[in-house]
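What follows is one structure encoded as structure tokens, with my remarks underneath.
Count residues from 1 along the sequence.
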Amino acid sequence: FDLLSKFDVVGTYNREQFFSEFIHLDITSRNEVDRVFLEQKHDVVIHTSNYASSRLAENNTEGFTKLNLEATAIVKDAANKNGIKVIFVSSFASLDPTDIYGELKVKSEEIIKSVKSGYFILRPSLILGLSPNTQNDRPFNRMFNCIGKVTVSEFDTSWRFQPTYIGHISNIISKVVESNRWNKTVHIFSPSVQTQFSTAS
């Protein structure tokens, strides 16, 4: 939605259609990805579909790998077939992979680097910002759901991180597309170290 003011944007969904404008896409299906890429004829694809945490790999290693790695290869192949550039939202976890999530991000980045028309890899930290899904247990949603409530909420002060603001991601995507500068990897995070408490405050 940040990008709609400048670009013709099509959103996709797999399980939950938060907005009627979104079109269905199973990104793990080569046939579906080929069909959507051919029908939409866009210049750039922003690939964000991934399980967001290694916790989701527990008892689901096959499905986790299918979405977090194999789907990236499908996107790359379809992009190369149709002359489309790819912006891939990776993760800081690719810098020092300690679990399956980080390991698959490293492998996915290597796959994306073989997009012939051009690629851009974004490495955010913990992403904070409003999304259509306000019901899941993301840290931002926990903070957001406290606004205007009388109940007391507790936020950790020991875990220190440099969060990424979702609006910053869309700003960088705009700059990349407008300047036509590709084949780079960029880290996106706030300049100061935060705790969950300071961020919530």
If you look at every heavy atom in [X] and [Y], which pair is closest and at what distance?
X      : Y      : result
Gly118 : Asn183 : CA-OD1, 3.4 Å
Ile111 : Leu69  : CD1-CD1, 3.7 Å
Ser90  : Pro124 : O-CD, 3.4 Å

| task | Tell me, with the steps shown, if Glu178 and Ser174 meet side-chain hydrogen bond (donor to acceptor under 3.5 Å, both in side chains). | result | CA-CA 6 Å; Glu178 289 169 343; Ser174 291; 5.2 Å; no

Same apolar cluster (I L V M F W Y, side chains within < 4.5 Å links), [X]/[Y]:
X      : Y      : result
Leu4   : Ile173 : yes
Val89  : Val176 : yes
Phe92  : Val193 : no
Ile172 : Val115 : no

| field | Qualifying residue for side chain to side chain donor-acceptor pair (under 3.5 Å) with Thr72, from Glu109, His47, Lys105 | value | His47

| Between the side chains of Arg123 and Ser94, does any donor sit under 3.5 Å from an acceptor? | yes

| said: Please check if the number of heavy atoms outside Tyr13 that lie under 6.0 Å from its OH is greater than 12. | reply: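 Result for OH/Tyr13: enclosed.
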
| task | Flag yes if more than 12 heavy atoms outside Arg160 fall under 6.0 Å of its CZ atom; otherwise flag no. | result | no

Looking at [X] and [Y], would you say the former's side chain and the latter's main chain have a donor-acceptor pair under 3.5 Å?
X      : Y      : answer
Ser125 : Gln162 : yes
Ser108 : Asn68  : yes
Gln17  : His24  : no
Asp99  : Gly102 : yes
Thr164 : Ile188 : yes

| Single hit among Phe120, Trp182, Phe7 for side chain to side chain contact (heavy atoms under 4.5 Å, CB included) with Val44 |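 With Val44 as partner, side chain to side chain contact (heavy atoms under 4.5 Å, CB included) holds for just one option, Trp182.
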
| request: Could you check Val33, Ile27, Asn31 and say which one makes a side chain to side chain contact (heavy atoms under 4.5 Å, CB included) with Ile74? | output: Val33

| field | Rounded distance (nearest 0.5 Å) linking atom CG of Asp26 with atom CZ of Arg15 | value | 10.0 Å

| Gap separating the CD1 atom of Ile84 from the NZ atom of Lys116, nearest 0.5 angstrom | 13.5 Å

| query | Passes salt bridge (Lys or Arg N to Asp or Glu O under 4.0 Å), Lys107 versus Glu110? Steps please. | reply | CA-CA 5 Å; Lys107 291 177 181 177; Glu110 288 307 309; over 6 Å; no

